[in-house]
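Read through the structure below, which is laid out as structure tokens, and then see the notes.
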Amino acid sequence: MKKILATLVASALAFSSISGAEAATKKVTISVPDPNTSYIYAAAQEFASRANKYSDGTLEFSISGNGSLYGGDTAAGIKQLGAGSLQMVVLASSVYTNFVPGLNVISVPYMFDDQAQLLKFLNSDIATELFNRVNKMNITVAGKWTRSFREVTNSKHPITKPDDLKGVVLRVPNNSLYVEFFKACGAVTTPMNFSEVYNALQLHTLDGQENPVDVPYSNKFYEVQKYISFTNHMADAWLVGINTKFFNGLDDKQKEAILKAGAEVQQWNVDMMAEQDKVALKSLTDNGMTSNDLTPEAQKAFVEVSKSCYPKFRELIKDDALFDKTAEFTGRK
């Protein structure tokens, strides 16, 4: 009888232990704006794999692409993340600027020389304070990842100098900084949700759009665009956001797993992008697109256009001290 009782107790304890482990397991959905062929989807997968490992399997992730959980409306996605109806969302820092104007400083045209300088900035105290401004929206920053610099695609002609943009109907994000810069170049700017862009390009209500090279690649814009011009006009970053209440509800090991994975994937993402940008460009040109680089003289001309907009950019950033500190960091001051 004692032996049977001991067995029953042992079984009960084992069941209790399993149940406790199951209770501690958290299911996390990560929403990203691009399809499952995109860089950011791959980065989210790498993040999920590492965070799952570091949490000893107590964090289980699923990834939702194409911004489907927020209807392709990034502003709605940010609001839902803060409200807690979305757990994790990875979005460009540039789409946060309606909520945190200071994040515009990252996308000031030609503020950064290259990926290495952008990465150094993201790991600086300046950027840490800047990104943490989303905390007031009940969003915790779980990662700051770089993006490839932005390029222009269009169906009319190569962009070799600012004047080539005159009259080009160009989709830009719903961000006044983009609008001001491209208007100064002579483009007809059309802010539009990204989910509508392919159809607009196909119907020729838009001539072109601007994004890192992986975006026209993963969205098959070679079907509706002829030219890609490597203007490298703007930097951008990914803000890996998690709802603060949800994050605070995790145990310490789970929190550490998320923050550790977010930090590690930063460099993994840089290396992946460098390799995949080559693949993306080859795919675009193999499918009929023509590419071109800017001459040093043309780049200087674009830089001058950007400088002419600095007073307006300062107004949009709403933080002269931040603008000056960033410009000093990047050698633009």
Side-chain angles (χ1 to χ4, degrees), residues 32-45 65-67 72 90 92 94 107 109-110 112 114-115 118 145-162 164-165 167-173 178 181-182 185 187 189-190 192-238 268-295 298-299 302:
V32 300
D34 298 332
N36 60 7
T37 54
S38 65
Y39 295 4
I40 193 55
Y41 196 99
Q45 286 181 310
N66 288 312
V90 185
S94 55
S107 295
Y110 301 101
F112 296 93
D114 50 31
Q115 281 281 319
L118 175 60
W145 304 340
T146 62
R147 297 189 76 183
S148 300
F149 281 38
R150 300 176 80 92
E151 325 295 356
V152 174
T153 72
N154 81 102
S155 57
K156 297 184 77 172
H157 50 243
I159 305 303
T160 63
K161 56 188 181 300
D164 290 335
L165 282 165
V168 174
V169 181
L170 192 72
R171 179 268 177 180
V172 295
Y178 288 71
F181 174 67
F182 283 107
C185 292
T189 58
T190 305
M192 181 185 295
N193 284 340
F194 185 75
S195 58
E196 302 170 14
V197 171
Y198 184 96
N199 286 342
L201 292 170
Q202 188 175 44
L203 296 171
H204 297 288
T205 52
L206 288 175
D207 295 320
Q209 60 86 54
E210 54 78 54
N211 259 304
V213 65
D214 64 297
V215 175
Y217 163 62
S218 61
N219 289 276
K220 299 183 179 181
F221 282 177
Y222 52 76
E223 297 174 346
V224 290
Q225 297 278 264
K226 177 62 178 173
Y227 304 99
I228 179 165
S229 301
F230 282 82
T231 49
N232 292 314
H233 53 274
M234 286 180 177
D236 206 349
W238 292 111
W268 180 93
N269 186 56
V270 169
D271 297 338
M272 180 270 293
M273 288 191 305
E275 189 62 35
Q276 290 303 310
D277 277 353
K278 300 172 188 175
V279 175
L281 177 59
K282 185 175 188 304
S283 176
L284 294 177
T285 54
D286 284 351
N287 281 281
M289 291 187 75
T290 300
S291 72
N292 70 280
D293 296 310
L294 295 183
T295 64
Q299 184 160 353
F302 274 109

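Computation of the quantities below employed the complete heavy-atom set of this structure, encompassing side-chain atoms and omitting hydrogens, waters and symmetry-equivalent molecules.
- Side-chain contact check for Asn219 versus Pro35: some heavy-atom pair is nearer than 4.5 Å.
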Fill in: Stepwise side-chain hydrogen bond (donor to acceptor under 3.5 Å, both in side chains) check, Ser229 with Asn292
CA-CA 5 Å; Ser229 301; Asn292 70 280; 2.7 Å; yes
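- A 4.5 Å side-chain heavy-atom check between Val215 and Arg147 finds at least one atom pair inside the cut-off.
- Side-chain contact between Leu170 and Asn154 is absent, with no heavy atoms from C-beta onward closer than 4.5 Å.
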Worksheet item: Going through the checks in order, is the side chain to side chain contact (heavy atoms under 4.5 Å, CB included) test met by Thr190 and Val169?
Response: CA-CA 7 Å; Thr190 305; Val169 181; 3.7 Å; yes
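- Asp236 places no side-chain N or O within 3.5 Å of a backbone atom of Ser107 that could act as its donor or acceptor partner.
- Atom NZ of Lys220 is separated from atom OG of Ser283 by 9.5 Å, given to the nearest 0.5 angstrom.
- The aromatic rings of His233 and Phe182 lie perpendicular to each other, with more than 60° between the two planes, well past the 30° mark.
- Residues His157 and Val168 form a side-chain contact, since some pair of their non-hydrogen atoms from C-beta on lies under 4.5 Å apart.
- Counting only distance, with no hydrogens or angles, the side chain of Glu151 and the backbone of Asn232 share a donor-acceptor pair below 3.5 Å.
- Of all the heavy atoms in Phe112 and Leu118, the pair that sits closest is CD2-CA, 3.9 Å.
- Once rounded to the nearest 0.5 Å, the distance linking OG of Ser291 with CG of Leu281 reads 5.0 Å.
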Worksheet entry | Leu284 and Val213: CA distance, side-chain angles, deciding distance, side chain to side chain contact (heavy atoms under 4.5 Å, CB included) verdict | CA-CA 9 Å; Leu284 294 177; Val213 65; 3.9 Å; yes
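- Closest heavy-atom contact between Pro162 and Phe302: N-CZ, 3.5 Å.
- In the displayed structure, Lys156 atom NZ is contacted under 6.0 Å by more than 12 heavy atoms of other residues, nucleotides or ligands.
- Rounding to the nearest 0.5 Å gives a distance of 9.5 Å between OG1 of Thr205 and CD of Glu196.
- Contact of the Tyr222 side chain with the Thr153 side chain is not registered, since no non-hydrogen atoms from C-beta on lie closer than 4.5 Å.
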Worksheet item: Can you list the steps and then say if Phe181 with Tyr110 is a side chain to side chain contact (heavy atoms under 4.5 Å, CB included)?
Response: CA-CA 11 Å; Phe181 174 67; Tyr110 301 101; 4.2 Å; yes
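- Counting only heavy atoms from C-beta outward, the side chains of Trp145 and Val270 never approach each other to under 4.5 Å.
- Contact record, Asp207 with Gly167: OD2-O, 3.9 Å, taken as the closest heavy-atom pair.
- Contact detail for Ala42 and Trp268: the closest heavy-atom pair is O-CH2, 3.8 Å.
- Below 30°, between 30° and 60°, or above 60°: for Tyr198 and Phe221 the angle between ring planes is between 30° and 60°, a tilted geometry.
- Two residues are said to be in side-chain contact when any heavy atoms from C-beta on lie closer than 4.5 Å; Arg150 and Pro109 fail this criterion.
- Annotation for Lys226 and Gly288: closest pair NZ-O, 3.0 Å, computed over non-hydrogen atoms.
- Residues Val172 and Glu210 come closest through the heavy atom pair CA-OE2, 4.3 Å.
- Looking only at distances, no side-chain donor or acceptor of Thr285 sits under 3.5 Å from a matching main-chain atom of Thr290.
- For the atom pair CG of Asp293 and OG1 of Thr160, the computed distance is 12.0 Å after rounding to the nearest 0.5 Å.
- In this structure, the separation between CG on Asp214 and CE on Met272 is 8.0 Å, given to the nearest 0.5 Å.
- Atoms CD and OG, from Gln202 and Ser155 in turn, are 12.0 Å apart once rounded to the nearest 0.5 Å.
- Taking the side chain as every heavy atom from C-beta outward, Asn211 and Phe194 approach each other to under 4.5 Å.
- A donor-acceptor pair shorter than 3.5 Å can be found between the side chains of Asp277 and Ser148.
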Item to complete: For side chain to side chain contact (heavy atoms under 4.5 Å, CB included), just list the numbers for Tyr178 and Ser94, CA-CA rounded to whole Å, side-chain angles, deciding distance to a tenth of an Å, and then say yes or no.
Response: CA-CA 9 Å; Tyr178 288 71; Ser94 55; 3.5 Å; yes
